[in-house]
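Everything on this sheet refers to the single structure shown next.
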Amino acid sequence: MVSIEIWRSRIGCYLGSRRTRNCLDNHFLKCTSLHFKLLALHVVAILLVIGNIESNPGPGFIYLCQDKLCGFSTLDVKTHVSHQKIHKSSSNFRFKCPVPTCSYSFNNYQAAYQHVHTIHCNTSVSMGSSGSMQGSSTLYMCSVKEECLGKTFYSQKDICHHAINHLANNEGMPLPCPLQCIVERTNRTPVFNKESVLRSHLSIKHKGWKSKFNVKEAAVTTTEINQPSVSNENRTESLDIDAEGHDVFFDAEDSSTDEVFTFENAISSVAKFYLMLEGELFLPTSTVQNISQYITFLSELTQIKTEQALRNELRQLNLTPEKTDQIVKRILIADPMFACHHKHCAGPSLTSDTLRRKYYKGNFGYVDVTEINVCPRDLEARQFAHYIDVKKTLDVILKDDDVRKQINESFSQPSSDPDLIDDYTKGSLHSSDGNGRSKYIDLLFFIDAFNMKLMIPQFVFSSHPGVYMTILNLKPHNRAKLDAMNLVMLVQEKFLEACCHRKYNVSCSHMRCFKKIIRDLNALFEEGVMCGGEHIKVRLKFTVGDSLGAHQVGGLLRNFSKSKYFCRFCEITRDMFLGSSRSLGPKRTVVNYNSHVRRLMLKRQAGLLVDSHRGIRFGSVLNSIKGYHVASPGLPPCLGHDVFEGAATWDLRFIIDHFISKKWFTLDDFVQRLKMFKCKGHDTANKPKSISKKNKKGDKNQKGLGLHAVQVWFILRMLPFIVGDKIRDKNDPVWQFYLKLKQLTEYICAPKLTKGQIEEMRVLISNYMAARTELKLKCKPKHHFIMHYPDLYLECGPLIHLWGMRFESMHSIFKRIATLAKKFINVTLTMARKYQLRLAYQSTGPLFQTGTVLSKSCSKLSELSITPATQAVILNQFSKEAIVAEDVHLNGQIFKKGDWVLFGYQIANSVISLGQIVLIICDGPDVRFVFQSATAIARRSLGLYEIIENENENRIMMEAASVESLPPQPVSKIFTQM
C-alpha cells in the first residue's frame, strides 16, 4: 500500500522523513519516460481525491518574531518559543503564544510557557520538517514493562526520553525503536540494548527528535485524551526544567538552537545586560566597569578549563597536534562571552564604557549628549547646558510601530460631536491656526527645576532646570506615561544666574541656552522627520511648567505677590484683582504681546531704566520657534501647581482646621482615620501617611497640607469617606464650601467636556470665588488663574491632558540617578547620559502595551464552576478553548476582576448605572466582560454616590470595544462601614 505521506510530500506541504524522500526519489527516477510520468501524476491526483487532501496546501506557517528589529523567522513552533527567551532582557517585551489559533500575549516568559502547557495541553501537535502545525492524532505509548502499560506520551521527545531511561536503568534489555521506524534491508524495527546506541540511532535516523513540541508526560489512556490531563500541581512546576529534572535554557544538541542562539544574538544579550545595569538600575559607570572586568576574568577561567578538557578528549582520538590546535581554536573563539570581553577577538567589544556606548549607538538607538556653553564669549568660564538632539530622539521613538500607528491615526480621526472637547485637536487654537488640515507631529515641552542635595563636600542644595518633551499625537493615556517622556536639556541654575550679571541680559542667557533647541525645531518645522515612509513636519504646540517657570521662559514678571501685572493670560492689575477677585483684564494676544515688547525696547534704547512694560520683561526666545508663540496661548496652566499645590491645599487646610475648632474631630483622629482608611488601585499609592500640623495663629490661609499634588487630590476626593460621619451639620457654610470645591475640581480635571458643561464650569468657578469672599478668605494669583480655565479649556482642550504633574516624576528619576551614580562634579552630564541609556534600553522593546495582554496564566472556562445566572449569559457563546483571566490589559488600560465600570448617567433622577466585573473571558482575539449590574444614587450632602446592588444576580455581558473606553472607577466605604 502506498503511503499518503509520499504523495503529499511531492507537492510541497510535507517534506517527510529522509527515508520517505529517498523512497520518492527512487520511485520517480525510475519513471524516465514521459508516459510513466504522466501516469504517475494521474495516480497522484486519484490518491488526493480519495484521501480528501487539498490540491495545494501551501507552505508551512511562518512564525515571525514580534520584535521588528530582530527579524527572526522560523517554521518551527518550538524554535519560536525558544527564540523568545533571547528577548528576556528586552524592555517591555511581550511573549506571544506560538499556536496560530491563539492570539494571547503575556508580560513574562513563564506565563506564556505555562499557558501553552495548560491551555493547549490536549492539542496534539505534529511538526513536519517544514515546520507547519497540523492537528494530529498520533500518540506514543510504552509497552515494555507492566507498570508502563497504558502510559501515553504526546510528543516524540517524551517517548524517546522515556525509552532512554529504560535502557539507563536496565542495560542489556532489548528495546525496539520508540518511534517504530523500519529498516529497509530487514523490513523490521531495530532493537537496542544500550543507551548510547539508541541515542546514536535517534540522532542519525531521527534528526530533530528533541525539537518536537514538548508537553510533559501524563499518565492517561487513549480514551482520556480529550479530557483535562494537567493537574494544578503540574501547573506550578518550574518551567525551566526539562523532563529529566535538569535546568535547561537551550539544548545544545537541538538543531534549531543554531537558528535561535546565533553569535550576534548572544552579543546583543550581553550588551542588553550592561544597558540594563546603566539605563534601568542606574549603576555607576565605575561599578559597571568593575563587573565587566570580573566577567572578563571569569570568561578566561572558563576558556582555560574548557581547553584542558577539550584537549584531553581529543588526545584520545589520536589526532595530529595541528588538527587538535585547529579544533580547539575554532571552539574557543566561538564563545560569545569571551569574544565580546577581549578586544583581540572578532566582533564587537564591550570591555569599556566608550566601546559599550559605541555599540549602543549602532544597535540600540543611543543618542549621545551635546554640551552647550551658556557663558558669553567675553567670560573665561566654561559652564555647560547638556542638550539631546530632538530630531535624533524622534528618529528613535518613531521606530516603534505602535507610535507610528497612533500618529497616523491622529491625522485621520473621524469627526465626532463638534460640541465635545476631548483632546487638544478639538480646541479652537488647533483649528484656528490653519494647520488642522495638515499633518504635523505636535510636541509638548515641560520646563521645571528640581532641587537636589549635593555632597560636595557637605550637603548643598542645587537647583537644576530641565526641559522634557512628549508627542501630543499619541493617545492621552500613552503620552502621560514616563516611557513617552524624553529629555531635551539639563542645566544648573547657578550657571544661568552667573551669566545674568547685568540687569537686562536675561534674554541673552536664555538665547544661548535655547539656541540649539530653536535651531533644531525650526529645521524640523521646515524639513520634518521620516515617519512611516513620508516626511512629516514637527512643531512645538505647548510649553508647560509651574507659574514661575512659565513666566520665566515667557519673559514675564515673576513676583506674583507685588507685581502690578502678574497674569500671563490677561493684563489685569493688582488693584483690579484686590477690588474684585472675579475680575478679568484684557486678554493677552500675540499682537499686543509683540507690541508691548517693541515699546519696551524703544524705552530702553532711549536710555530709560524700565524693568517691564505691561508685565513683560523681555521678548521670549521661544517666539523665535516657527509656528509657536507664548501668547497664542502657548503657556497653558498646570492644574497640579495652580489647583492642588495652590488653591486646593490652602482651602483644605482651612476646612480641616475649621472642623477641628468646632471639636467635631481632632487632628490626631483625622490622621488615625487616614492611616486606617482602605482604598484600592492607584489610590493606594497616592494616599498620604499624614498631614502637616495646624497653622499658627495669625497665619490663616497661608499654609497648606504639606503634601504633593496627587496626595492633595486624594484628600479632596476622599474627605467624605474619612470624616463624613463626623460632620454634624451638613449645611455648615464651610462644608458647603468644600462641596463646591470638590465639584469644581471634578469639572476642571474632566478628560472631556461639552461646551455646555464648560459653561457650567464657569458658573461653578464664580460661585466658588463668591463663597471665598463670604468666608473672608484671601485670594491669591493662583485663584485668578482658575478664572481663565473655561476659556483655556475651549482653546487648548482638556487641561488634565496638559498638566505637568506627570513630568514631575522625571525629577525623581534624576535624583535617583545622581544618588546612585555618586558623581557630582558634572552632575547634569551624568544625569543626561544615564537617562539617554534608559531611552536606549526602552528601544530594545515596544514602548507601549497594545492589544490584549495577560499578566499570568489562566484557567479554561470549561473547568470552572459557574453560577446559573452567569451560565445563562454566556451559554453556547464561547469555544472549548476559551479562558478566564484575573486581569487583562486592553491597549494600556488594566481591568481586574472586581473592578467597577460606569455605564451611563440619568440626568433626570441623578442615577448612575454601573457594573462590577465578575468574569473576564478571552476566546482567541475576542475579550468579553461579565458584569453584576447595579445602580448608584446621589447623596448630595456628602458629594458621593451610593451603590445600590440588585438583589437578583442580574448579569450582563459586554465586548472589549465597549469597555476599554470606560476606565475602572474607585469604590470605597465610609469609615464607619469599614
Side-chain angles (χ1 to χ4, degrees), residues 67 69 86-93 264-299 336-337 339-343 347-371 386-389 392-393 396-397 399 452 454 464 466 468 482-490 809-847:
D67 186 354
L69 299 178
I86 290 292
H87 297 286
K88 278 186 175 183
S89 57
S90 298
S91 174
N92 209 25
F93 189 78
E264 292 75 14
N265 284 339
I267 299 294
S268 178
S269 297
V270 177
K272 287 178 183 178
F273 167 71
Y274 285 122
L275 189 58
M276 180 186 66
L277 295 180
E278 292 195 80
E280 188 72 11
L281 303 179
F282 302 132
L283 294 185
T285 303
S286 58
T287 303
V288 176
Q289 184 61 28
N290 290 336
I291 293 174
S292 175
Q293 292 175 357
Y294 201 81
I295 292 178
T296 301
F297 169 70
L298 294 178
S299 64
M337 184 65 73
C340 67
H341 286 90
H342 292 81
K343 296 181 181 179
S349 177
L350 305 174
T351 55
S352 68
D353 178 61
T354 302
L355 293 174
R356 285 192 292 270
R357 281 195 281 119
K358 180 181 178 181
Y359 185 89
Y360 302 154
K361 194 178 298 184
N363 296 272
F364 299 140
Y366 171 74
V367 181
D368 210 347
V369 181
T370 303
E371 290 187 328
H386 294 96
Y387 168 72
I388 292 88
D389 193 296
K392 292 181 180 179
T393 301
V396 174
I397 298 173
K399 291 180 181 179
M452 187 175 60
L454 299 181
H464 300 79
Y468 321 119
L482 279 178
D483 291 347
M485 301 174 187
N486 298 277
L487 178 64
V488 178
M489 186 177 63
L490 277 179
S809 301
M810 300 274 285
H811 298 340
S812 61
I813 294 178
F814 289 120
K815 292 178 182 179
R816 184 180 172 214
I817 290 174
T819 303
L820 296 176
K822 299 178 181 180
K823 187 177 181 181
F824 302 101
I825 301 300
N826 196 356
V827 66
T828 52
L829 176 61
T830 300
M831 292 189 293
R833 280 185 173 172
K834 289 291 186 181
Y835 194 85
Q836 288 307 108
L837 291 171
R838 179 179 182 271
L839 175 63
Y841 181 67
Q842 291 174 359
S843 67
T844 61
L847 199 59

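Predicted, not measured: the structure shown is a model, and the values here were computed from it.
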Angle class for the Y359/F364 ring planes (parallel below 30°, perpendicular above 60°, tilted otherwise)?
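Rings of Y359 and F364: perpendicular, over 60°.
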Any side-chain donor paired with an acceptor under 3.5 Å for [X] and [Y]?
| X | Y | result |
| --- | --- | --- |
| Y366 | D368 | yes |
| S349 | T351 | yes |
| R356 | Q289 | yes |

Side chain to side chain, [X] and [Y], heavy atoms closer than 4.5 Å:
| X | Y | value |
| --- | --- | --- |
| V367 | K361 | no |
| H342 | S299 | yes |
| Q842 | V396 | no |

NE2 of H386 to NE2 of H464: how many Å apart, nearest 0.5 Å?
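Separation between the atoms: 10.5 Å.
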Does the pair E280 and R838 meet the rule for a salt bridge (Lys or Arg N to Asp or Glu O under 4.0 Å), with working shown?
CA-CA 6 Å; E280 188 72 11; R838 179 179 182 271; 5.2 Å; no
Can you tell me if NZ on K392 sees more than 12 non-hydrogen neighbours from other groups inside 6.0 Å?
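Count not over threshold, so no.
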Can you give me the closest heavy-atom contact between L350 and S292, atom names plus distance?
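Closest pair (atom of L350, atom of S292, distance): O-OG, 3.5 Å.
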Could you tell me which residues satisfy ring pair (Phe, Tyr, Trp, His ring centres under 6.0 Å) with Y274, sequence neighbours excluded, listed by chain and number?
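For Y274, the residues satisfying ring pair (Phe, Tyr, Trp, His ring centres under 6.0 Å) (neighbours in sequence not counted) are H341.
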Counterpart residues, ring pair (Phe, Tyr, Trp, His ring centres under 6.0 Å), relative to Y360 (two or more places apart)
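Residues passing ring pair (Phe, Tyr, Trp, His ring centres under 6.0 Å) with Y360: none at all.
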Do R833 and D353 meet the salt-bridge criterion of a basic N to acidic O distance under 4.0 Å?
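So D353 does not pair with R833 through a salt bridge.
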Not counting sequence neighbours, which residues clear side chain to side chain contact (heavy atoms under 4.5 Å, CB included) with L820? List them please.
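L820 satisfies side chain to side chain contact (heavy atoms under 4.5 Å, CB included) with F282, R816 once adjacent residues are dropped.
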